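Nothing fancy with the numbering, it's 1 onward along the sequence. This is a predicted model, so every value here is computed, not measured.
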Amino acid sequence: MNPVCEKLNIKYPIIQGGMGNVSNAELASAISNAGGLGTIGVGTMTPDEVEKLIIATKGMTDRPFAVNVPLTVASDVKDILKLLIKHEVKVVSLSAGNPAPYIPKLKEHGITVITVIASVYHAKKAETAGSDLLVAEGYEAAGLNSSYETTTMVLLPQVSRSVSIPVIAAGGIADGSGLAAAFALGAQGVQMGTRFIATKEAPFHEFYKSALLDADDTKTMIVGRSVGKIRRIYDTPYAQKLIQLEKSGVTPEEFLKHTTEDRHILGAVKGDLENGFINSGQVAGTITDIPTVKELLKTMMKDAKETVSLLNKRLI
């Protein structure tokens, strides 16, 4: 049996990335119900908001789901982790910070811990700290990114060779061929964010979904390099405003005011692309339809197997 599926008690080795303050019970539960691992991301939510989201998700699925906690971003990490234990969340994903102080307590309560990393060094540190699984996230991914700017195709095989625990690939994956490629490079599962936006169950604004369908290979961009806050977003009018701010010499503090989660919600949920931004991975250019989550996962697994079969023929 696939070790990621076995560890997480899921049917398919496909998990949802944490989506910060635009996380919702509808999409996460749909992914879990379809055989993957749905994820809700706490972003900068208050503990009360997180608790309501956990309860809502549990009310929509009896399958395992994960909660992603970005350690240097979350409003109150200790209180949020207490909530995860209280509500017997099965899987916790830790990102954007040092997971070592939190892993022992989570595992003491039988929680499976996933750590998101972007370098071999941090992969080894996370394994030593007790992580059960790793997500190796490449620079192609949406949202906040590592300053290392290492791509998935380069990062994944190096991480896979450096640790003994299962590795999940993230960044640039949206279909069965991407799933097969990730496995060829040493992954035993994949994590997707952008692709799940373009599904029927995802309660995001139609402008967001149509933007992904219209995307080509050049429609995402990096903002925040000048202030050390790298983020990959979709090229929208507001994204261009952010670029102009950087060219004018904006301070890190001022830049953060223009990239708050409120601005993200304006774009992703309310469809206001003049005053808010939408996260998007480079993989947006490959998205051509909006299936149900169940259809997406089944198609990915089928296409991955067909890709492997085709490669066997080509390699002979």
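The closest donor-acceptor contact from the side chain of Q244 to the backbone of K241 lies at 3.5 Å or more, if one exists at all. Side chain of K209 to main chain of A202: a donor-acceptor pair is present (N/O by atom type, distance under 3.5 Å, no hydrogens or angles). A donor-acceptor distance shorter than 3.5 angstrom exists from the side chain of S160 to the backbone of G186, with no hydrogens or angles considered. Listed for the T39 side chain is a donor-acceptor partner under 3.5 Å among the backbone atoms of Q16. Using a distance-only test at 3.5 Å, with no hydrogens or angles considered, no donor-acceptor pair links the side chain of N9 to the main chain of C5. Of the possible polar contacts, one joining the S23 side chain to the G41 backbone as a donor-acceptor pair under 3.5 Å is found. The backbone N or O of G38 lies less than 3.5 Å from a partner atom in the side chain of S32, making a donor-acceptor pair. In this structure, the side chain of S309 does not engage the main chain of K305 through any donor-acceptor pair within 3.5 Å. Side chain of T61 to main chain of T57: no donor-acceptor pair is present (N/O by atom type, distance under 3.5 Å, no hydrogens or angles). A distance-only check finds a donor-acceptor pair linking the side chain of K107 to the backbone of G130 [under 3.5 Å].
I197 CD1 to M192 CE: the interatomic distance, rounded to the nearest 0.5 Å, is 11.0 Å. In this structure, the separation between OH on Y121 and OH on Y148 is 8.5 Å, given to the nearest 0.5 Å. For the atom pair K11 NZ and N33 CG, the distance stands at 12.5 Å (nearest 0.5 Å).
Pairs passing the salt bridge (Lys or Arg N to Asp or Glu O under 4.0 Å) check and including a residue from residues 21-33, sequence neighbours excluded, do not occur.
Salt-bridge annotation for E253 and K257: absent, with no side-chain N of the basic residue lying under 4.0 Å from a carboxylate O of the acidic one. Note on K219 versus D214: no salt bridge recorded, every NZ/NE/NH1/NH2 to OD/OE distance being 4.0 Å or above. A salt bridge links R225 with E149: at least one charged nitrogen is closer than 4.0 Å to a carboxylate oxygen. E88 and K58 are not joined by a salt bridge, as no carboxylate oxygen comes within less than 4.0 angstrom of a charged side-chain nitrogen.
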side-chain hydrogen bond (donor to acceptor under 3.5 Å, both in side chains) between T112 and D132, worked out: CA-CA 6 Å; T112 299; D132 297 294; 4.7 Å; no

I230 and V223: side chain to side chain contact (heavy atoms under 4.5 Å, CB included), yes or no, with the steps? CA-CA 6 Å; I230 294 175; V223 296; over 6 Å; no

Go through it in stages, so that I can follow the logic: the residues are E254 and V227, the test is side chain to side chain contact (heavy atoms under 4.5 Å, CB included), and I'd like the CA-CA distance, side-chain angles, deciding distance and then a yes or no. CA-CA 10 Å; E254 188 66 21; V227 294; over 6 Å; no

What do the steps show when you test D175 against S177 for side-chain hydrogen bond (donor to acceptor under 3.5 Å, both in side chains), and what is the final call? CA-CA 6 Å; D175 55 25; S177 61; 2.9 Å; yes

Show, in sequence, the C-alpha distance, side-chain angles and deciding distance for T199 and E295, and conclude whether the side chain to side chain contact (heavy atoms under 4.5 Å, CB included) test is met. CA-CA 9 Å; T199 57; E295 289 167 344; over 6 Å; no

List the steps and the verdict of side-chain hydrogen bond (donor to acceptor under 3.5 Å, both in side chains) for E140 and T151. CA-CA 6 Å; E140 300 94 327; T151 63; 4.5 Å; no

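In this structure, F196 has no ring-ring contact (aromatic ring centres under 6.0 Å, His included) partners at least two apart in sequence or on a different chain. Take D289 and apply the side-chain hydrogen bond (donor to acceptor under 3.5 Å, both in side chains) test, not counting sequence neighbours, and it matches R195. The side-chain hydrogen bond (donor to acceptor under 3.5 Å, both in side chains) test applied to S95 returns N68, not counting sequence neighbours. Residues meeting the ring-ring contact (aromatic ring centres under 6.0 Å, His included) test with Y208, sequence neighbours left out: F204. Here Y102 pairs with nothing under the ring-ring contact (aromatic ring centres under 6.0 Å, His included) rule; sequence neighbours left out. With sequence neighbours left out, S248 forms a side-chain hydrogen bond (donor to acceptor under 3.5 Å, both in side chains) with no residue at all. The side-chain hydrogen bond (donor to acceptor under 3.5 Å, both in side chains) check on T72 picks up nothing, with sequence neighbours excluded.
For the residue pair T292/E201, the side-chain donor-acceptor check at 3.5 Å is not satisfied. Q282 and T220 share no side-chain donor-acceptor pair at under 3.5 Å. For the residue pair D262/T260, the side-chain donor-acceptor check at 3.5 Å is not satisfied. Checking T218 against D216 by side-chain atom types alone, a donor-acceptor pair falls below 3.5 Å. For the residue pair T44 / E261, no side-chain donor-acceptor distance below 3.5 Å is found, with atom types taken as modelled. Between the side chains of D235 and Q240, at least one donor-acceptor pair of N or O atoms lies under 3.5 Å. For the residue pair S131/T115, the side-chain donor-acceptor check at 3.5 Å is satisfied.
In this structure, M60 stands alone, with no Ile, Leu, Val, Met, Phe, Trp or Tyr side-chain heavy atom under 4.5 Å from its own, directly or through other members. Hydrophobic cluster membership of M1, counting Ile, Leu, Val, Met, Phe, Trp and Tyr whose side-chain heavy atoms lie under 4.5 Å apart directly or via other members: none, as it forms a cluster of its own. Side-chain contacts under 4.5 Å among hydrophobic residues (ILVMFWY), followed directly or transitively, place V116 together with V4, L8, I10, I15, L37, V91, I114, L133, V135, I168. Annotation for L155: hydrophobic cluster partners, listed by chain and number, are I117, V120, L134, M153, L156, V159, V163, I165, V167, L185 (ILVMFWY side-chain heavy atoms under 4.5 Å, direct or chained).
Side-chain atoms of F255 and S226, non-hydrogen and from C-beta on, never get closer than 4.5 Å to each other. With a 4.5 Å cut-off on side-chain heavy atoms, H205 and V269 do not count as touching. Two residues are said to be in side-chain contact when any heavy atoms from C-beta on lie closer than 4.5 Å; I14 and M301 meet this criterion. Counting only heavy atoms from C-beta outward, the side chains of I278 and L273 approach each other to under 4.5 Å. The side-chain heavy atoms of L84 and V69, taken from C-beta on, include a pair separated by under 4.5 Å. Contact annotation: the side chain of F207 never approaches that of K270 to less than 4.5 Å [non-hydrogen atoms, C-beta and beyond]. Between I111 and K90 there is no side-chain heavy-atom pair separated by less than 4.5 Å. Side-chain atoms of V22 and I265, non-hydrogen and from C-beta on, do get closer than 4.5 Å to each other.
The aromatic rings of Y238 and F277 sit parallel to each other, their planes meeting at less than 30°, with 60° as the upper class boundary.
Residue K124 places its NZ atom among 12 or fewer non-hydrogen atoms of other residues, nucleotides or ligands, all under 6.0 Å distant. Around atom NZ of K229, no more than 12 heavy atoms belonging to other residues, nucleotides or ligands sit under 6.0 Å away.
In the hydrophobic clustering of ILVMFWY residues, with side-chain heavy atoms under 4.5 Å counting as a link, L27 and M45 come out apart. Side-chain heavy atoms closer than 4.5 Å link hydrophobic residues (I, L, V, M, F, W, Y) into clusters, and following such links, even through other members, never connects V50 to I55. Using a 4.5 Å cut-off between side-chain heavy atoms of Ile, Leu, Val, Met, Phe, Trp and Tyr, with links allowed through other members, V283 and V190 fall into different hydrophobic clusters.
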